[in-house]
Amino acid sequence: MDPECARLLPALCAVLADPRQPVADDTCLEKLLDWFKAVTEAGSSLLLLQENPCLVELLFHVRKPQDLSSRILSFALRLAGTFAAQEDCFQYLQQGELLPGLFGEQGPLGAAAWAAPTVRSGWIQGLHSLAQHPSALLFLADSGAVDTIFSLQGDPSLFVASAAGQLLVHVLDLAMRGPAEGRGPAEGRGRLQARDWPACARRIVCHLEDCLCSEATPRVTQALHVLTTAFRHCHGLWTQGLWVQLSPLVARLLEKDPVPAPHALVELLLSVARSSVPSSDPGLWETVAQTLSHLSPMQAGPLAAGILKLQDCPQALRIQAFGVLLRPLACVLEAAAQAPGTPGLLEGAAGDQMAVDTLPPSKSACVGLLCSTLAHLELLQPLPQRPSPWPQAPLLAAAVTILRFCNGSAAPSSELGGHLCAMLVGCVRVQRAALDFLGILSQGLGPRELVTQVFAVLLEYLVSPDSSPTVLKKAFQATLRWLLGSAVPPGCCDLEPRAQLVLRELLAVLQKRLCSPCWEVRDSGLEFLTQMTRRWGGQASFRQALLASEVPKLASQLLQDPESYVRASAVAAAGQLSSRGLLAAPSSPEHPAGPQNTSFEELLLVLTTDSEGFPRRAAMRVFTEWLRDGHVAVAEDQERFVARVLQAASGDLDWEVRVQGLELALVFLQQLLGARGPGAAPPCALAQALRALCRVQLFEFAFRSLFDCDRPVAQKSCDLLLFLRAKAAPSGSLQEAGDSPDVAPVEAALQRWRAGEQGQPLGELAPEAVLAVLRSMDLEALRDTLAESSDHVERSPQSLLQDMLATVGVLGDNEADCY
Amino acid sequence: MKLYCLSGHTTLPCNVLKFRSTTIMLDCGLATTSTLNFLPLPLVQSPRLSSLPGWSLKDGNAFLDKELKECSGHVFVDSVPEFCLPETELIDLSTVDVILISNYHCMMALPYITEHTGFMGTVYATEPTVQIVRLLMEELVNFTERVPKAQSASLWKNKDIQRLLPSLKDAVEVSTWRRCYTMQEVNSALSKIQLVGYSQKIELFGAVQVTPLSSGYALGSSNWIIQSHYEKVSYVSGSSLLTTHPQPMAQASLKNSDVLILTGLTQIPTANPDGMVGEFCSNLALTVRNGGNALVPCYPSGVIYDLLERLYQYIDSAGLSSIPFYFISPVANSSLEFSQIFAEWLCHNKQTKVYLPEPRFPHAELIQTNKLKHYPSIHGDFSNDFRQPCVVFTGHPSLRFGDVVHFMELWGKPDFSYLEALAPYQPLAMKCIYCPIDTRMNFIQVSKLLKEVQPLHVVCPEQYTQPPPAQSHRMDLMVDCQPPAMSYLRAEVLALPFKRRNEKIEIMPELADWLVPMEIKPGISLATVSAVLHTKDNKHVLQPPPRPAQPTGGKKRKRASDDIPDCKVQKPLLSGSIPVDQSVQTLERHGFSDIKVEDIAKGHIVLLREAETLIQIEEDSTHIICDDDEVLRVRLRDLVLKFLQKF
């Protein structure tokens, strides 16, 4: 601890111990605690206490029954735990009977303060920190703390209850680790027999057994939570023994009807399955299989999905789990089937009865089941361990059917189908989930007629006036994925004939959507257009269809949209269309140049005049892309292009635009000097480049940005200049070529900018002067300074202590004023 | 209680409710769908329409070719359009006491009823309803009168001929179809209307109280509560839960109804109005940007206000600021101005604008900035100002009469086919986009409403009790309630399933003063009363009985006790029941012996063999039967009476 902090500490302890002083806010106490934790981790706690007796005094002080705020009490408990984590310090505190006074029955446990959840939480966290060594175990056993922890599991405060469960696991781990680790390899490190477990562990396990056998569901839930945490976080071999001991009780839960705490049970089984238990106890899989068959589809879904994500588990179980997951979709297919006997998702499905058992009768439950099923399958699809064979075709059919139920276009003949239709029609949640799922399924193909149906249903959604904006967005995304997926042969970029047909209809829809009164719809329409153009802008069929439609014209009209998000998307779309030569804007009298140049002027107008940041940022991104890809407007006069854009960006009020400006400058630099990587540029190229950079006034922008009040801008500029210096460093040819350049005006300007006088222009620059200034600057140091977060000064412990004292001091003054 | 269903049209209802000796007509909608069978009435001579071929029978018989014309396979009557009236034969309409109007669309048949059936009653409607219906009727009369038809077809109405006609064979009661009324009839009909305000209570003959409540559908639109003291019927017709320009729907007062008559739900339950307005705007913008014109067939009041408001917000963003909007109707000006003055009938948002220096509806601003122009007809100023591309709002939505016919002829040159309304314009060049905007309640909203207000019984048109025929699997598109709704068809009479049990009687305060209630059970007190029941105008009042003639020459000042009516000394009234076992014990204690108790169906018989007497104790009577031994009877009676309460 630095001396200044040590000097401030007694005063702070006095403030904390004084019930009349207003307590500093919680965040201060948290920061203080973090600091003490860091100090104790770095050195000896015992030494710390001996050097700063005020800390022990504070802990003694809070033991006395008094009117201390619950936050201070909680803080003190946690602080004591932090110190006592080291065994020598624990002994030291024990000597003074301090710990029983804090954590034992004489402490807050019996006092009124215990009613405050923060005190109970502090007590638990203190013990959690403290329980790091065998002496702590003895202390826990003697002080009766374990019983208190048991009771706190049912605490009304969820935070306290959860922390109590975690503490229990921590103590169990500590107790079990000792004996298991103490054994030599010859004795077979690992499973101890239950009778050999330490007393403390036996008590906890006994408690868990009692809970598991209890009739009260909350107690069962508590035990399951504790076990879940244990299997998730403890990796000792003892966990295997624990499972052997408790698994019969867990299995017995399944005999009850209804199964108590099904969600907690699923969590437990999954955490056991992911632990080292399965390797030693194959019986686990049997329990899991039973659970799958006992729980309702809604409850079993997460378990099934979890099992299928496991790398290693019996094939039969995987088949069963997949069956559980597919069942709701199989029922949907069954409900929509016009005639019985249509091939479904699951073989041997028992028809209507299964559907009645699977699909809940209430709308919200049914919607929830379908959404979660679709979400599980969506996550499963891209995994390498997904079930094989993957039933792509029936899944596609199911997704299409659900979407048809949701928009009312399915015409089921069965009663079940009618019921399902009435529940799902117009349900936005299911529509979104099904469209996401359908999008994911585009990664595998399907039978031709099904793919036709997919496109048909997607078009229905895109056309329907009833599709909500969010659904429409998903429909656009799914359509794009399917268009991408349907390229033939795979990997070829042109659209297959069927997709070309779809494209025509799609563009008609897009035309209408771009005129929608709802800005979200216009926005997602433009995004869709941008992505399509990016992908197929070079394909003749796409170009032909697009140019025959009104879409490009509408897109450029949307540059004047009243909504800034739409303008930003329109900028991106116009940029993309223009770089593909698809922006058919007629050349106006003001812009006699070609359409591509017109679009540059239009976007530059956005950059210079738009009142909102989003469109300006989008314009900068477009320009950077154009520069990178060699757009027509760039190719004509690159320097002029860069100069105009940089001029607009450098004066922008939005820091992201300025960062983008520097990014564009970097791309320009790379194009002049070669991309990143070691090695300097050839001297002649460098000289030429530097002159060009001076002409486009890149240096003024970059140097000015070094002192930008927004840190990311300064950082970016620093990187840019470092890159340039690296490219120029070894050559030095410029400097040698002439006299030493006059750097004074540049440095004077830099000085002024550093002082905050940003208005001063730099004037004409000579490349030599720039290089000289660049070399003289300590850019690395600047980069390091910028890399530190802006509050690094304020975050020091010293500042924290001062702040806390100052708060009290200020309040004290006010008190004096009052009198 | 009976319900006579005079119209089969779900959104243009006409029902008559007989309730507690009153006869109440609920709405009198006029089905304009009949006009679809007629050729349009063009404002400007249309060579195309006049050269349509006459229709001839399969056997080549062409005797009807003057009356019937054929266009793209459809047959049309070449005559003045006629309307299908509500049933007039099912019930004598001169007996109708009152007509309650729910909104201006549902009363277009009013002149037919008030002027031609001997109707003598009163019509109740809100002020905006009356003002706007006047505009609608005026427009209708104007549309049909300004282009007089030289001929009037009648041959086609012959039943035998009708059977041969492809499109007319399903038409309902063609013989009763009537031409449009005259302005004189309109004025006379409207003069019979009495204006009412929301929540105003109107007494009908003392028997029934009717109250209009806001229904949220149109300016001044109402649902009606019809109630007596112990019965309540709610009439829900054309209600909307969406936030549009009118005052929101008042739902709470519909609670606890015995019967809820539900009609006027949305005609297109699958089209969500918000989505449709979006669709409308997108298509309009797309058409106009491409240099096209948009024709919006509509009524001169109602949804058009919301459409104009939505367009007002949209036109700038869609780059349509320079496009003129034309609103053509004989009543366009009045409609736009009326909408601004009914502040108290508007939604909260618009009501608050009363206190701001801005108009309630933004169409005022559109007019000021010359973006929206209105004209009484296509003749006159309009023809000078007309410029394309443009958006035209005009009527009539049936496309059979009004200025819309002109635009259909002007822009609708050949190409592809569409709906029934468009049939006589086939083949048509215009692109038809069908964006029906119906803000009335849909079935989901109805289910929620019914759950909320929980009526004992629901009555609705039969169409609402099953999914639409075209979408038979859509079980969600029907009224779903428990017990299932009772349904009606045109010309049906329903007996509504509840019986009157109680009647309210008032007691005059003087009489009430004399009552001395006695508590016989906690919370229940009884008092006897002797009075005269006076019934007038369905109100029942208990009045003090007439006093006997005062002895003459008495004191001038009467004592209070003198007011007590001079009745005979009354025997006390008895209540309670006689416990058999205890009464037997009592009898034994008083010296009777040889007592036997027999159970009979209604009670018990206590047999006093020695005294040769029997006491028959039943639920509501006790008889002592003995042989002329009055002393014994009185003694027994007094013993038995001890178990009863007296007052």
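Note that the coordinates shown come from a computational prediction; the quantities given were computed from them, not determined experimentally. Per chain, numbering begins at 1; letters A, B, ... match sequence-line order.
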*Is there side-chain contact between A/Cys421 and B/Arg474, with at least one heavy-atom pair below 4.5 Å?*
yes

Might you confirm whether atom [atom1] of [X] has over 12 heavy atoms from other residues, nucleotides or ligands at distances under 6.0 Å?
X: B/Gln267; atom1: CD; value: yes
X: B/Met475; atom1: CE; value: no
X: B/Lys448; atom1: NZ; value: no
X: A/Leu604; atom1: CG; value: yes
X: A/Gln544; atom1: CD; value: no
X: B/Tyr314; atom1: OH; value: yes

*Under 3.5 Å donor-acceptor, B/His473 side chain and A/Ala410 backbone*: yes

*Between the main-chain N or O of B/Asn272 and the side-chain N or O of A/Asp466, is there a donor-acceptor pair closer than 3.5 Å?*
yes

[X] side, atom [atom1]; [Y] side, atom [atom2] - distance, nearest 0.5 Å:
X: B/Cys281; Y: A/Lys512; atom1: SG; atom2: NZ; value: 12.0 Å
X: B/Arg289; Y: A/Cys515; atom1: CZ; atom2: SG; value: 4.5 Å
X: B/Leu286; Y: A/Leu554; atom1: CG; atom2: CG; value: 6.0 Å
X: B/Asp274; Y: A/Cys518; atom1: CG; atom2: SG; value: 10.0 Å

With a 4.5 angstrom heavy-atom cut-off, which part of [X] approaches chain A: side chain, backbone, both or neither?
X: B/Thr270; answer: backbone
X: B/Arg310; answer: side chain
X: B/Asn290; answer: side chain

*Considering only heavy atoms, which portion of A/Gln511 lies under 4.5 Å from any heavy atom of chain B: side chain, backbone, both, or neither?*
both

